[in-house]
2 protein chains.
Amino acid sequence: MADQIFYGTVLLKAKQITDYIVDSNTAVSLKDISDNLAITKPTILKILRTLEYCGFVNRNSETQKYSLGTVYLRYGQKVAESFDIKELTRPFLEQLRDKTNETINLGIVEKNKVVLLDKLESSRSVKLVSRVGGTMHMYSSAMGKTFLAHYTPEKLTKYLENTSLVSLTPNTITDVQTLKDDLEQVRQQNFAIDNVENQADIFCVGFILEKNSNCYGAFSISAPEYRVTKKVLHEFIKYGKEAQLKILEVLN
Amino acid sequence: MADQIFYGTVLLKAKQITDYIVDSNTAVSLKDISDNLAITKPTILKILRTLEYCGFVNRNSETQKYSLGTVYLRYGQKVAESFDIKELTRPFLEQLRDKTNETINLGIVEKNKVVLLDKLESSRSVKLVSRVGGTMHMYSSAMGKTFLAHYTPEKLTKYLENTSLVSLTPNTITDVQTLKDDLEQVRQQNFAIDNVENQADIFCVGFILEKNSNCYGAFSISAPEYRVTKKVLHEFIKYGKEAQLKILEVLN
DNA sequence: TTAATAGTTTCTTATTTAGAAATTATTGTA
DNA sequence: TACAATAATTTCTAAATAAGAAACTATTAA
């Protein structure tokens, strides 16, 4: 890491500290941070002060604990707004949610990962661990597999070279050839299935949003496995394809 | 600035660069940034690379332009979730929006500014310039004035010492005594009025969410001035107070 | 009251930064 | 296609910053 990036050492440390705060579910103390990162207390303290000065972090003066600053609300809002695919697909995905009564996800690819852009939960939705802004692997998720299925052979090869197919559930595809066969099927049927490959108990069907070889994103229907009978799956596919067509019409 | 903070020079520059990107409405080039900030191109370039490495920034390899990274979606989501006041008030504020058919805002105080936490737009809402995560002055906004009205005299004095009452519209209160009188009235009537003091054409009524001397935030009803007749104002106050009471009941 | 723990300051060397200048790439134009 | 203009990138080194050990102070727990 340090041999590649030789500039902004404080920035890299600040990122580590910020991530530590983000990943904690409560405000954290200086000690918490120094216990968990390989940076000494004086250095962390100085960085925290600068982060606080910038508004990236808040220090509760009573508990002396640090939490994320509201600056990120502004930044996050801005990023969300920059993806107009989100606004564009909203009404169709809402319709899809109401028809299926299951959770609908919208995602894009970034650095060979699926980034969750939007999530529409149904009244009977089971809490998924995913949250907006979170990332998923391509090889294990329904949206990811629709993207991979549309990669050029070269791009796919490169992806597979840089990715180890780590098992996330007993069903995760960890064999390259099996994955390739699966992607071939995705291309043929024009949707991808995540048969509890990415997250325990969760079954997904994914659809790509591609027009004139521009990939705008993908969406998926998520449901607890036990609810997805053959009949339900057929409905998911039917409604999903309908939504896909409608969205493609308004794209561009 | 530099005489106070002597640590994290790169961090401070990174903040400037990030803010420049946030405030631009399109992706920006290295030149754009260097033209607008007092930092030289080589330095900006090196910082951008580190920011990109961290995921804070994306570089479009075709246009060579930079935009905000999706990491901020995750951070922003996390910050939003940390304020459960947002979840708690949602249903009541939705009801209030439907009753008034105007935009409802939810805010908190941070560093003597109002941070907009949530915004519920009505069907006939005029586009306000405010967006979630954005900040407003305390002295000119309805929410801000409800907060100020509940400051201790010492805190208010300190606030006034550190704040210059800059005029944002012809109606902005720029005189300390006038503001103090206004705050006294806020305390008496238990709501604050922003009579086009913060933003052209926009009239607001603000209500504080305070219980057992804990201030949880404030909300306001925003409408274009021309729609706020005496009759409408009375409705705003009536419905606003009702919402305030209902929310206070579920707080804590 | 004391012990233990956490937060903060000071200080110095090793490391990093910053920008001028040169270089290379890219874009627009004749 | 070549040329000019503009933008991006690299190199280099003096000047500025960072990092952590050690000492110190505040806070908490016993």
Side-chain angles (χ1 to χ4, degrees), chain A residues 1-69 111, chain B residues 1-69 111:
Chain A
M1 167 168 142
D3 47 294
Q4 284 275 59
I5 307 280
F6 47 89
Y7 199 95
T9 57
V10 173
L11 208 43
L12 295 171
K13 293 197 183 81
K15 174 76 171 18
Q16 286 184 69
I17 294 170
T18 307
D19 276 335
Y20 178 75
I21 299 176
V22 173
D23 294 334
S24 304
N25 286 313
T26 68
V28 299
S29 67
L30 178 56
K31 184 176 191 302
D32 291 336
I33 303 172
S34 86
D35 281 352
N36 285 282
L37 301 177
I39 315 174
T40 60
K41 273 204 292 181
T43 300
I44 296 171
L45 179 64
K46 287 173 230 169
I47 293 175
L48 281 172
R49 282 181 181 158
T50 309
L51 287 174
E52 195 192 2
Y53 174 85
C54 292
F56 288 135
V57 135
N58 276 329
R59 195 185 102 118
N60 181 320
S61 51
E62 278 170 27
T63 63
Q64 297 200 106
K65 295 198 169 181
Y66 297 86
S67 54
L68 273 205
K111 292 181 186 160
Chain B
M1 172 169 139
D3 48 294
Q4 284 276 58
I5 306 283
F6 46 89
Y7 199 94
T9 60
V10 174
L11 206 45
L12 294 172
K13 294 197 182 81
K15 173 76 171 14
Q16 287 184 69
I17 295 171
T18 307
D19 275 336
Y20 179 75
I21 299 175
V22 174
D23 293 334
S24 305
N25 286 313
T26 69
V28 299
S29 67
L30 178 55
K31 184 175 189 302
D32 292 335
I33 303 172
S34 86
D35 281 353
N36 286 282
L37 300 178
I39 316 174
T40 61
K41 273 207 288 185
T43 300
I44 296 171
L45 179 64
K46 286 173 231 170
I47 293 175
L48 280 171
R49 282 182 181 157
T50 308
L51 286 174
E52 194 191 5
Y53 174 85
C54 291
F56 288 135
V57 136
N58 275 330
R59 196 185 101 116
N60 182 320
S61 50
E62 279 169 26
T63 62
Q64 297 200 107
K65 294 199 170 180
Y66 298 86
S67 55
L68 271 207
K111 291 180 188 161

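Hydrogens, waters and symmetry mates are skipped; everything else that's a heavy atom, side chains included, is used. Letters A, B, ... mirror the listed sequences (proteins, then strands); counts begin at 1.
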Item checked: Options D:dA18, C:dG7, D:dT10, nucleotide nearest the side-chain atoms of B:Tyr7 -> D:dA18
Check: Any side-chain N or O of A:Arg59 less than 4.0 Å from the OP1 or OP2 oxygen of C:dT8?
Finding: yes
Check: How close or far is atom P of D:dG20 from atom CD1 of A:Ile33, stated in whole angstroms?
Finding: 15 Å
Could you list, one pair per line, each protein nitrogen or oxygen that sits under 3.5 Å from a nitrogen or oxygen of nucleotides 13-15 of chain D, together with the distance?
none

Check: Mind checking whether A:Asn58 and A:Leu68 have side chains closer than 4.5 Å, heavy atoms only?
Finding: no
Notebook entry, point to check: In whole angstroms, how far is the C1' atom of D:dG20 from the CG atom of A:Leu37?
Noted result: 16 Å
Item checked: A:Leu30 side-chain proximity, nearest of C:dT8, D:dT9, D:dA18 -> C:dT8
Note to self: Can you identify which nucleotide, out of C:dA6, D:dA8, C:dT16, has its nearest atom closest to the A:Thr9 side chain?
What the structure shows: C:dT16
Note to self: For C:dG7 and A:Arg49 - does any side-chain N or O of the residue sit under 4.0 Å from the phosphate oxygens OP1/OP2?
What the structure shows: no
Checklist line | Any B:Lys31 side-chain nitrogen or oxygen under 4.0 Å from OP1 or OP2 of D:dA7 | finding: yes
Margin query: Rounding to an integer number of Å, can you tell me how far B:Leu11 CG sits from C:dT17 P?
Written below: 11 Å
Notebook entry, point to check: So which of A:Thr43, A:Leu48, A:Val28, A:Leu12 actually passes side chain to side chain contact (heavy atoms under 4.5 Å, CB included) with A:Ile17?
Noted result: A:Leu48
Next item on the list: Sugar-phosphate means primed atoms, P, OP1 and OP2; the rest is base. With that split, encode nucleotides 19-26 of chain C 5' to 3' as B, S or - using protein heavy atoms under 4.0 Å.
Entry: BBB-----
Next item on the list: Measure from CG on A:Leu48 to P on C:dT9 and round the result to the nearest Å.
Entry: 13 Å
